[in-house]
Amino acid sequence: MTYSNIIVETHDKVGLITLNRPDALNALSAQLIAEVDDALTKFQADKNIGCIVITGSKKAFAAGADIKEMQNKTYPESYLENFISAWETVAECRKPIIAAVAGFALGGGNELAMMCDFIIAGDNAKFGQPEIRLGVMPGAGGTQRLTRAIGKAKAMEMCLTGRMMDAEEAERSGLVSRIVPADNLLEDALKTAATIASMSLPIAMMTKESVNRSFETTLTEGIKFERRVFHAMFATADQKEGMSAFVEKRTPEFKNK
Ligand code: CAA
């Protein structure tokens, strides 16, 4: 696939996807999402890639789903094509994904960021679910993931009023893991991704799966799931390598086995 809405690069073991529709503040058109899906599928299949970063521009991570593309959509059309389901490739990616967010992350932009495993925010980031001002509500997980991330009171207020949250409030509320100066955002996200990619990939993937399980199940079942996966890790060569390296006071060399 030839990409016209994203730029795809690799930085050693890190895959980088930069949303690149500057004229539309990276509005998430069907074509842009298809390109993101294609790039993610390739990174998922690439044994050398251990972590992925999705970012936008300094002005906008993404200003939402493409309103001009949606404006004349009908109910049967959106039902038949299962509109938005194509975005799920992001949430279903098994490798760790970081969203590096500067500027606007609105509507589908915030939802795309929340599909990633964590968000690092530039200090100029603004998050919001303004769909209600367009006569709709969030459709890519906003009412669900935002509520789990920041709690009912703030999520309800944001979804019902459409107000934006700045980076400080987003960090205080648990929506983002950290704030960095917007000028250093990509450098920081790539460094963080490189740290993750230096770990054992199967162990990182199992860790991601286990944290995500906490959103899908009871505490008792989640703890049981964690325990089984933890036990399984003793069957890996990387567990032997990681613990031997600690005892021998050297850096581990994980082999993804
Ligand atoms: N879809 C399509 N085009 C968009 C867009 C969007 N979501 N957001 C911005 N653009 C376009 C504008 O139409 C404009 O294009 P033109 O120059 O051709 O007119 C260009 O990007 C620049 O935008 P502005 O002139 O509006 O820039 P601004 O700096 O004055 O304002 C903004 C920035 C506050 C982000 C404003 O653009 C805005 O409010 N955008 C819409 C945000 C929004 O409502 N997002 C939710 C979309 S619905 C959704 O996402 C549903 C879902 O849950 C899946």
Side-chain angles (χ1 to χ4, degrees), residues 13-17 36-37 40-41 43-47 49-55 61 87-101 105 109-121 125 127 138 140-152 154-155 167 170-180 188-236 238-239 241-243 246 252 254 256-257:
K13 292 181 174 179
V14 175
L16 173 64
I17 299 174
V36 169
D37 285 359
L40 277 181
T41 304
F43 282 147
Q44 177 68 44
D46 185 340
K47 288 200 179 83
I49 296 296
C51 190
I52 298 155
V53 175
I54 301 182
T55 196
F61 176 74
W87 300 39
E88 284 160 15
T89 303
V90 182
E92 285 164 7
C93 179
R94 297 174 70 219
K95 289 184 179 174
I97 312 185
I98 301 171
V101 174
N110 190 37
E111 292 168 304
L112 178 68
M114 290 191 294
M115 285 179 192
C116 300
D117 297 312
F118 60 95
I119 301 172
I120 302 177
F127 301 87
T143 64
Q144 305 302 300
R145 290 196 178 92
L146 188 64
T147 309
R148 282 164 167 80
I150 67 175
K152 179 183 165 187
K154 275 186 184 287
E171 188 189 30
R172 216 168 46 235
S173 312
L175 180 59
V176 310
S177 66
R178 276 183 304 116
I179 305 174
V180 297
D188 190 288
L190 288 173
K191 202 169 148 202
T192 306
T195 300
I196 295 170
S198 74
M199 309 297 174
S200 162
L201 179 58
I203 302 298
M205 287 171 62
M206 288 180 217
T207 304
K208 166 173 174 159
E209 190 181 355
S210 198
V211 173
N212 280 336
R213 185 58 70 105
S214 71
F215 288 100
E216 307 287 349
T217 192
T218 63
L219 180 61
T220 304
E221 287 306 316
I223 296 284
K224 276 186 195 160
F225 179 84
E226 179 192 81
R227 193 70 42 82
R228 290 292 165 267
V229 177
F230 176 66
H231 290 163
M233 287 173 175
F234 290 91
T236 66
D238 285 341
Q239 173 268 326
E241 169 62 12
M243 293 193 182
F246 176 81
F254 294 120
N256 296 342
K257 288 185 192 165

Minimum heavy-atom distance between R148 and F215, given as atom pair plus value: CD-CD2, 3.6 Å
Close side-chain approach of P202 and N256, heavy atoms under 4.5 Å: yes
Shortest non-hydrogen contact from P96 toward A204: CG-CB, 4.3 Å
Distance-minimising heavy-atom pair for G15 and F43: CA-CZ, 3.4 Å
Distance in Å, L201 CG paired with M199 CE, rounded so as to fall on 0.5 Å steps: 12.0 Å
pair E241-T236: side-chain heavy atoms closer than 4.5 Å: no
Backbone of I119 reached by a side-chain donor or acceptor of S177 within 3.5 Å: yes
Residue pair F254 / S198: nearest heavy atoms and the distance that separates them: CD1-O, 3.5 Å
Pair listing, salt bridge (charged side-chain N to carboxylate O under 4.0 Å, His left out) test, anchored in residues 89-98, at least two apart: none
Side-chain (D238) to main-chain (K257) donor-acceptor, under 3.5 angstrom: yes
Close side-chain approach of R178 and D188, heavy atoms under 4.5 Å: yes
Pairwise side-chain contact, L175 with L146, heavy-atom cut-off 4.5 Å (strictly under): yes
Selection residues 219-231 - residue pairs positive for salt bridge (charged side-chain N to carboxylate O under 4.0 Å, His left out), sequence neighbours left out: E221-K224
Pairwise distance NZ(K152) to OG1(T143) - rounded to 0.5 angstrom: 13.0 Å
Any side-chain heavy-atom pair of V176 and V101 under 4.5 Å: no
Side chain proximity check, L190 to V53, heavy atoms < 4.5 angstrom: yes
Donor-acceptor contact present, side-chain T55 to main-chain A100, <3.5 Å: yes
Heavy-atom side-chain proximity of I97 to K208 below 4.5 angstrom: yes
Minimal non-hydrogen separation, N110 against A105, with atom names: CB-O, 3.3 Å
R145 side chain reached by E111 side chain, heavy atoms, under 4.5 Å: no
Among D37, I52, D117, T41, the one residue meeting side chain to side chain contact (heavy atoms under 4.5 Å, CB included) with C93: I52
Separation between CZ of F127 and CE of M114, rounded to the nearest 0.5 Å: 10.0 Å
Pairwise distance CG(L112) to CD1(I54) - rounded to 0.5 angstrom: 5.5 Å
Partner set under side chain to side chain contact (heavy atoms under 4.5 Å, CB included) for K13, not counting sequence neighbours: N48, A197
Minimum heavy-atom distance between F61 and G109, given as atom pair plus value: CE2-O, 3.3 Å
Exam field: side chain S214 to backbone S210, donor-acceptor pair closer than 3.5 Å: no
Rounded distance (nearest 0.5 Å) linking atom OG1 of T217 with atom CG of N212: 13.0 Å
Separation between OG1 of T207 and CZ of F230, rounded to the nearest 0.5 Å: 11.0 Å
